[in-house]
Novice: 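I have a structure here, written as structure tokens, and I will follow up with some questions on it.
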Amino acid sequence: MNTLTSMKYHKTMFPKLLLSLALTLPFGASAVDINWSGFGTAGYTISDQPYKYQRFIDDHGTFKRDSVLGAQVDFKFNQQWGAAVQAKLSPSDHSDTQWQGVLSWAFVSWRPTDDLLIRAGKLRVPLMLNTENQDVGATYDWARLPVEVYSIAPTTDFVGISISKSWYLQEMEWTLDAYTGQATNYTRYYGREMRDREPSPGSWFEKYDIKSSGLVLTARGLDNVFRAGIHEAVISQPDGTVGEIAYRPLAPGVGYYDVANGTRVEQVIVPYQSIGASVLIPGNIRLTSEYAHIKVTSASRGLTRWGAYLAVSRQFGAWNPYIYYAKTKSSEASLDLYRAINGNINPMFPPALNNYQKLGADIVSPYDQSTSAIGTSYRLTPSSLIKAEWSQTRTGIVSSFVDAPSGGDSADQRINVFSLSYNFTF
Amino acid sequence: MRKLLITLFLFGPFSVSLHADEALVLIGHSTLQKTDLATLQRLYRGRVVSLNQQAATPFNLPPGHPLREQFLDNILTQNEEQYSAYWLVRRYVGKGTPPQELSSPEEIIRAVSTIPGAVGYVPLSKVPAGSNIIFKR
């Protein structure tokens, strides 16, 4: 059984195994405490631009960017053993037109002592402060977690094992999480003139196998939380991945970039780091800030970037207004590469070759953008809230969050986005 | 009739509000030992599952119950919104579910007397003789 078939087997069989375990473990059916819950977001977003931003947002408006429906079952066999399964329905991660139901997580947990928690199964990476609960809009006040930071990780899910060790020092609980596992990830690309295997513009998805490991240290009190993590992903495809985009000289000073026939590598090692904090300061003001950095040495080296944001919020009864500023930028080397390929348009070339240069530039996948946002949440009930937000994104050299129009690019754009959502749990 | 009305006033549904500020104690199954405030707070926040290395199962009263509000305020130093929000996040990061809720102090007393490791809070005036008081403020 090869790796891909093995992973598919795990995806379909693991929940069945988990359910069987829940029903047949020698704890007795009456000892199993089963707790059902659900969550959802009905979110509408519209921009003032005709092109797509973040896959779905344009001036026609969409429900696809933020809407999700999920359910979770928690099993408690006793104080040491438990299990959880969470599923969600949301836009597909490998199609711009379909919705899909997926298992967010399905794991068994064992707590042999108060300070040790071991979980095995499908889990979510403890990356940023809200990575684990990012699908549950009712658990945070922003309309949308800053994409500049929350899109950095190559994957947020994995099938593997996680071990958490906790210590209590005064009012803070310190937890060290260690995890390792594997996952399948789909990375979306957008070609403004042509796609990987199609002569017309549009999106396509590349499937990658990812093995990831990491260490995360979290300090949590009642009002404040701090987190730092180091991670590494090993990314591969069955036929290898393009490592370097080749340049083919045709004449002195004339040549073309050949992304499809670049040097292939068996795997790409991707280190990434994250740090963040959310603190309550005098005046009941909350400051939240996070930073993440990732390095990718493949044809898509524009994915080598940093992202950060600073948010300020304050609660006034049921209202929680906020503002935030977020920014992400690729490495100068990848931005230089993008500009070189994107600018390599020659009137002597046939149109297909010039379009091929644009494809190469798009595959570099660079980012250079910032977003300013102002919004508020209003808590209707303990389990539901409404959120509204206006944000403005400015791109610099380029942004791969933008599906650039044919004949153009994503440089120097200003995108206003209005978002409204209803978030609930039950 | 007047005596009946007075009796109902003193011992009827209003009796809970009359005792809203009465001392609250934590009682536990006979197998449990006394504990401290910090450990109790961690137990009700799901951060520990034992007291003095004995498996412990905390029980709550439902939201809105005056005794629960008193417990959250005096013991956990949180209000209902903060406590619910805390458990909402904890549930959806896969770290457990909130303590089971029972409808009345009487049910808590019954649970504590029969379920090994059970812990709950009741008014001091309702604690049966011989109960294991594991924390009192």
Side-chain angles (χ1 to χ4, degrees), chain A residues 33-37 39 70 72-76 78-80 82-86 104-107 109 111-115 117 119 121-124 126 129-141 162 164 166 168 170-171 173 175 220 222-223 225 315 317-318 379 381-383 425, chain B residues 29 31-32 35-60 62-64 68-69 72-73 75-102 111 115-119:
Chain A
D33 180 17
I34 301 175
N35 208 296
W36 296 84
S37 63
F39 59 90
Q72 179 167 319
V73 183
D74 291 277
F75 301 89
K76 186 186 281 189
N78 53 40
Q79 289 299 86
Q80 285 74 44
V85 179
Q86 186 188 99
S104 305
W105 64 50
F107 62 84
S109 64
R111 196 166 183 176
T113 60
D114 282 333
D115 57 356
L117 176 65
R119 295 183 291 175
K122 185 170 186 191
L123 295 156
R124 186 152 283 176
L129 296 177
N130 288 289
T131 298
E132 295 147 290
N133 55 303
Q134 63 186 8
D135 292 330
V136 188
T139 57
Y140 49 88
D141 291 298
S162 163
S164 301
S166 299
Y168 294 100
Q170 296 182 335
E171 298 299 317
E173 176 190 25
T175 303
R220 191 182 295 273
L222 270 186
D223 295 326
V225 59
Q315 189 168 353
R379 189 160 287 280
T381 69
S383 57
T425 61
Chain B
H29 188 264
T31 55
L32 298 176
T35 189
D36 56 60
L37 179 63
T39 305
L40 210 51
Q41 290 171 337
R42 289 168 192 161
L43 181 68
Y44 272 84
R45 293 188 181 124
R47 293 180 178 178
V48 299
V49 293
S50 66
L51 297 178
N52 299 309
Q53 293 165 356
Q54 292 279 329
T57 304
F59 288 91
N60 250 331
R68 171 170 164 135
E69 292 173 3
L72 292 181
D73 184 41
I75 304 297
L76 299 189
T77 64
Q78 287 181 300
N79 58 33
E80 185 63 53
E81 182 188 336
Q82 292 167 329
Y83 188 65
S84 297
Y86 169 85
W87 271 110
L88 189 68
V89 174
R90 198 160 176 90
R91 179 199 292 268
Y92 288 112
V93 298
K95 291 206 174 166
T97 52
Q100 185 180 342
E101 292 169 1
L102 300 176
I115 300 174
V119 173

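A note on names: the letters A, B, ... follow the listed sequences, proteins ahead of strands, and every chain is numbered from 1.
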Novice: Is A:Asn133 close to chain B through its backbone or its side chain, or both, or neither, when contacts mean heavy atoms under 4.5 Å?
Specialist: both

Novice: So which residue, A:Arg379, A:Gln80, A:Arg119, ends up with the most heavy-atom pairs under 4.5 Å with chain B?
Specialist: A:Arg119

Novice: Does any backbone or side-chain atom of A:Phe39 lie under 4.5 Å from a heavy atom of chain B? Answer side chain, backbone, both or neither.
Specialist: both

Novice: A:Asp114 and side chain to side chain contact (heavy atoms under 4.5 Å, CB included): which partner among B:Leu43, B:Val48, B:Thr39?
Specialist: B:Val48

Novice: Side chain, backbone, both or neither: which part of B:Leu51 has a non-hydrogen atom closer than 4.5 Å to chain A?
Specialist: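 For B:Leu51, no heavy atom lies under 4.5 Å from chain A.
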
Novice: Quick check on A:Ser37 against chain B: is it the side chain, the backbone, both or neither that has a heavy atom closer than 4.5 Å?
Specialist: both

Novice: When heavy-atom pairs shorter than 4.5 Å are enumerated against chain A, which of B:Pro63, B:Ala38, B:Ala56, B:Gly96 gives the highest number?
Specialist: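 Maximum pair count with chain A is reached by B:Ala56.
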
Novice: Is any side-chain heavy atom of A:Lys76 closer than 4.5 Å to a side-chain heavy atom of B:Gln100?
Specialist: no

Novice: Would you give the length of the straight line joining atom CG of A:Asn35 to atom OG1 of B:Thr97, rounded to the nearest 0.5 angstrom?
Specialist: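 One gets 5.0 Å once the value is rounded to the nearest 0.5 Å.
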
Novice: Report which part of A:Gln134 has an atom under 4.5 Å of a heavy atom belonging to chain B: side chain, backbone, both, or neither.
Specialist: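 Neither part.
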
Novice: Name the region of B:Pro58, side chain, backbone, both or neither, that has any atom closer than 4.5 Å to a heavy atom of chain A.
Specialist: side chain

Novice: Decide yes or no on side chain to side chain contact (heavy atoms under 4.5 Å, CB included) for A:Gln79 and B:Gln54, but give the supporting numbers first.
Specialist: CA-CA 10 Å; A:Gln79 289 299 86; B:Gln54 292 279 329; over 6 Å; no

Novice: Less than 4.5 Å apart, side chain to side chain, heavy atoms only: is that true for A:Gln315 and B:Glu81?
Specialist: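 They are in side-chain contact.
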
Novice: Between A:Tyr168 and B:Arg42, is there a cation-pi geometry (under 6.0 Å to ring centre, at most 45° from the normal)?
Specialist: yes

Novice: For B:Gln82, is the CD atom crowded, meaning more than 12 foreign heavy atoms sit under 6.0 Å from it?
Specialist: yes

Novice: Taking heavy atoms only and a threshold strictly under 4.5 Å, list by residue number the residues of residues 84-94 of chain B that touch chain A; give 'none' if the list is empty.
Specialist: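 Result: B:Leu88, B:Val89, B:Arg91, B:Tyr92, B:Val93, B:Gly94.
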
Novice: Rounded to the nearest 0.5 Å, how far does CG of A:Leu222 lie from CZ of B:Arg45?
Specialist: 4.0 Å

Novice: For A:Leu123, which atoms come within 4.5 Å of any heavy atom of chain B: side chain, backbone, both, or neither?
Specialist: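 No part of it gets close to chain B.
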
Novice: What part of B:Gln78 gets closer than 4.5 Å to chain A, counting heavy atoms only: side chain, backbone, both or neither?
Specialist: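 Only the side chain of B:Gln78 comes within 4.5 Å of chain A.
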
